[in-house]
**Q** 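This structure is in structure tokens; I'll ask about it shortly.
Just so we're clear, the structure is a prediction, and the values are computed from it rather than from any experiment.
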Amino acid sequence: MSEITIKELTTQEETARFWEKLHAYFRRDMFPEGEPDREESLDYFLGEEYRGAIGKRHDRPVDRLYYLAFLRSGAEIGYAMPASFPSEDGKWFIMEFWVEPELRGGGTGTACARALLAWAGARGASYFELNAEEEPRRRFWAALGFAPNGTDEWGNPCMLLPPEEALPLRVERLTDPDGPELGWQLLKLENSFLAEIREEPLTGEKKERLADAVRAGRIAFFLALRGTRAVGMCSVSPCFSTFACGETGVFDDFYVEPPFRRQGAARLLARAAQGWCRERGMASLTVGCSAGDVGMYRALGFEVELGTMLACPLEG
């Protein structure tokens, strides 16, 4: 098999050809005949709104995306649309990737994927992420070292090729749920947390209710950051205790993305939440957990047993 090379498509003619191929890929591979909501999805992905949003990302000076073609013996055999995020922590997100149907098989896709990872690595990529809903897609990228990693802010499953380098972590409290830097990352982590405990992702209504609670101070979220990427979170919900006749807190939403576990994020998050509660003069911080997690929470400072916690569901 001839070597796979990569060409960035930049001219007006090349860009037009890329979008023609991308639209064909959407119709054929992403939203094939018989797919639920196919026409609605195609209306968006083939429309001017989507193309305009992608064009802005392509043209911006930092954190830009690329239109790429895979070449073998000088002929274009496939395409990719990765986005780079050097201002975050060196992540590259592979938005689209495909080999032309008549050229698939015999390891061509794997060769193209390896070429893409090497090409991006030479341009500063430290790790990679992508969406992977379909099982064949998950198997393909798993063979290249990608592992499941929660969901995105819309609840779509993600996979990640972990970074080799461990960067220092820090914790910040989220004060602006609508901010472009961290607000969307809270939704990504919250949906990943829900997926891990086998709950449905947040609906649009619940996202608004969550943002309202953060704005009103009814809940405080703490995010563990690797660069500007949020890799973990926890929350504290203040409440009044008649035992203490003062404010106490409930610890919840404790989640760290799998590839970034065992790097100290859990301890940093717990300490940040506990420190914030002490600064507010809270009498205690409690957590409800399964029996299997008791040891972990004890190690994080939750040492006093309060019996069994039960809940009465009131919705529905």
**Q** Could you walk me through whether K188 and E129 pass the salt bridge (charged side-chain N to carboxylate O under 4.0 Å, His left out) test, one step at a time?
**A** CA-CA 13 Å; K188 181 179 186 298; E129 194 167 20; 3.3 Å; yes

**Q** To the closest 0.5 Å, what do you measure between CE (M296) and CZ (R267)?
**A** 11.0 Å

**Q** Between R38 and P32, is there a donor-acceptor pair closer than 3.5 Å when you use the side chain of the first and the backbone of the second?
**A** yes

**Q** Apply side-chain contact (heavy atoms from CB on, under 4.5 Å) to the pair E96 and I54, showing each step before the final yes or no.
**A** CA-CA 12 Å; E96 307 296 348; I54 292 298; over 6 Å; no

**Q** Output, in order, the C-alpha distance, side-chain angles, deciding distance and verdict of side-chain contact (heavy atoms from CB on, under 4.5 Å) for M233 and L174.
**A** CA-CA 10 Å; M233 68 171 183; L174 177 69; over 6 Å; no

**Q** Are there more than 12 heavy atoms of other residues, nucleotides or ligands under 6.0 Å from atom CZ of R60?
**A** yes

**Q** Within the distance-only criterion (no hydrogens, no angle test), does the side chain of E14 pair as donor or acceptor with the backbone N or O of T10 below 3.5 angstrom?
**A** yes

**Q** Would R173 and E279 count as a salt bridge (charged side-chain N to carboxylate O under 4.0 Å, His left out) here? Give the steps.
**A** CA-CA 14 Å; R173 184 167 73 88; E279 290 172 4; over 6 Å; no

**Q** Side-chain contact test, heavy atoms from C-beta onward, threshold under 4.5 Å: evaluate it for L210 versus F221 and give yes or no.
**A** yes

**Q** If we ignore hydrogens and angles and just use 3.5 Å, is the side chain of R104 paired with the main-chain N or O of G109 as donor and acceptor?
**A** no

**Q** Minimum heavy-atom separation for Q274 to L300, with atom names?
**A** NE2-O, 2.8 Å

**Q** Can you confirm whether or not the ring centre of F70 sits under 6.0 Å from the ring centre of W119?
**A**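 No, too far apart.
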
**Q** Can you tell me how far apart CG (N149) and CG (L130) are? Round to the nearest 0.5 Å.
**A** 10.5 Å

**Q** Does atom CZ of R137 have more than 12 heavy-atom neighbours, drawn from other residues, nucleotides or ligands, at distances under 6.0 Å?
**A**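 Counting neighbours around CZ of R137, more than 12 heavy atoms of other residues, nucleotides or ligands fall under 6.0 Å, so yes.
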
**Q** Should we say atom CZ of R114 is surrounded by more than 12 heavy atoms from elsewhere, each under 6.0 Å from it?
**A** no

**Q** Could you tell me whether R229 and E257 make a salt bridge, using a distance below 4.0 angstrom between a side-chain N and a carboxylate O?
**A**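 The answer is yes: the pair qualifies as a salt bridge.
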
**Q** Would you mind reporting whether L225 and D89 have side-chain heavy atoms less than 4.5 Å apart?
**A**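 Result no, sub-4.5 Å side-chain heavy-atom pair not found.
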
**Q** Do any N or O atoms from the side chain of T108 and from the backbone of G105 form a donor-acceptor pair under 3.5 angstrom?
**A**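 Checked: pair present.
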
**Q** For atom CD of E102, decide whether the heavy atoms of other residues, nucleotides or ligands shown that lie under 6.0 angstrom number more than 12.
**A** yes

**Q** Do E199 and K206 sit within salt-bridge range, that is, some charged N less than 4.0 Å from a carboxylate O?
**A** no

**Q** Rounded to the nearest 0.5 Å, how far does CD1 of I77 lie from OG1 of T5?
**A** 8.5 Å

**Q** Per the ring pair (Phe, Tyr, Trp, His ring centres under 6.0 Å) rule, what does the pair list look like for residues 246-293, sequence neighbours excluded?
**A** F222-W276, F251-F254, F251-F302, F254-Y297

**Q** Counting distance only, does the side-chain N/O of E40 pair as donor-acceptor with the main-chain N or O of D37 below 3.5 Å?
**A** no

**Q** Rounded to the nearest 0.5 Å, what separates atom CZ in R278 from atom CG in L285?
**A** 9.0 Å

**Q** Check for a donor-acceptor pair, side chain of S241 on one end and backbone N or O of F243 on the other, with a separation under 3.5 Å.
**A** yes

**Q** Search all heavy atoms of E200 against all heavy atoms of L194 and return the closest pair with its distance.
**A**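 Closest heavy-atom pair between E200 and L194: O-CD1, 3.4 Å.
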
**Q** Are the charged groups of K21 and E100 less than 4.0 angstrom apart, N to O?
**A**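 Answer for the salt bridge query: yes.
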
**Q** Taking the side chain as everything from C-beta on, heavy atoms only, tell me whether L187 gets closer than 4.5 Å to K207.
**A** yes

**Q** Do the charged groups of E135 and R138 touch, with an N to O distance under 4.0 Å?
**A**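 R138 and E135: salt-bridged.
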
**Q** Sequence neighbours excluded, which residues qualify as salt bridge (Lys or Arg N to Asp or Glu O under 4.0 Å) partners of E172?
**A**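 With sequence neighbours excluded, E172 shows a salt bridge (Lys or Arg N to Asp or Glu O under 4.0 Å) to R170, given in chain and number order.
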
**Q** Under 3.5 Å, is there a donor-acceptor pair linking the side chains of T151 and N191?
**A** no

**Q** Could you tell me the separation between the CG atom of L46 and the CZ atom of F31, rounded to the nearest 0.5 Å?
**A** 8.5 Å

**Q** With distance as the sole test, does T248 use its side chain to make a donor-acceptor pair with the main-chain N or O of S284 at under 3.5 Å?
**A**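 No, the answer is negative, given that no donor and acceptor are paired below the 3.5 Å cut-off.
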
**Q** Specify the closest pair of heavy atoms between A80 and L116, including all atoms of both residues, with the distance to one decimal.
**A**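 For A80 and L116, the tightest heavy-atom pair comes out as CB-CD2, 4.1 Å.
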
**Q** Among F85, F97, Y66, Y127, which residue satisfies the ring-ring contact (aromatic ring centres under 6.0 Å, His included) criterion with W92?
**A** Y66

**Q** Do the side chains of R57 and R64 get nearer than 4.5 Å, heavy atoms only?
**A** no

**Q** Quick one: which of W98, Y79, F45, Y44 gives a ring-ring contact (aromatic ring centres under 6.0 Å, His included) with F26?
**A**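 Passing option: F45.
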
**Q** Can you name the nearest heavy-atom pair linking F146 to I94, along with the distance?
**A** CZ-CD1, 4.3 Å

**Q** Does L144 reach the side chain of L161, with side-chain heavy atoms less than 4.5 Å apart?
**A**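 They are not in side-chain contact.
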
**Q** Quick one, I219 and V214 - any side-chain contact, counting heavy atoms below 4.5 Å?
**A** yes

**Q** Between L71 and E76, does a side-chain contact (heavy atoms from CB on, under 4.5 Å) hold up when you go through it step by step?
**A** CA-CA 5 Å; L71 278 65; E76 294 181 3; 4.0 Å; yes

**Q** Determine yes or no for a side-chain-to-main-chain donor-acceptor pair under 3.5 angstrom, with S126 supplying the side chain and G90 the backbone.
**A** yes

**Q** Judged by atom type as modelled, is there a donor-acceptor pair below 3.5 Å linking the side chain of R298 to the main-chain atoms of E303?
**A**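 Side chain of R298 to backbone of E303: a pair is present.
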
**Q** Other residues, nucleotides and ligands only: do more than 12 of their heavy atoms fall within 6.0 Å of CD on E49?
**A** no

**Q** With side-chain contact (heavy atoms from CB on, under 4.5 Å) as the test, would you mind laying out the steps for D178 and R215 before giving the verdict?
**A** CA-CA 9 Å; D178 305 307; R215 293 188 203 102; 2.9 Å; yes

**Q** One pair to check against salt bridge (charged side-chain N to carboxylate O under 4.0 Å, His left out): R27 and E35. What are the steps and the verdict?
**A** CA-CA 10 Å; R27 292 189 182 95; E35 183 80 8; over 6 Å; no

**Q** For a 4.5 angstrom cut-off between non-hydrogen side-chain atoms, does P157 reach N131?
**A**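 Answer no - side chains too far apart.
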
**Q** Could you pull out the closest heavy-atom pair between Y67 and G55, with the gap in Å?
**A**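 Closest approach of Y67 to G55: OH-CA, 4.0 Å.
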
**Q** Please report the closest heavy-atom contact between L269 and G232, naming both atoms and the distance.
**A** CD1-C, 3.9 Å

**Q** Do C239 and V250 touch side chain to side chain, with heavy atoms closer than 4.5 Å?
**A** yes

**Q** Given 3.5 Å as the limit, does a donor-acceptor pair link the side chain of Q185 with the main chain of A230, or not?
**A** yes

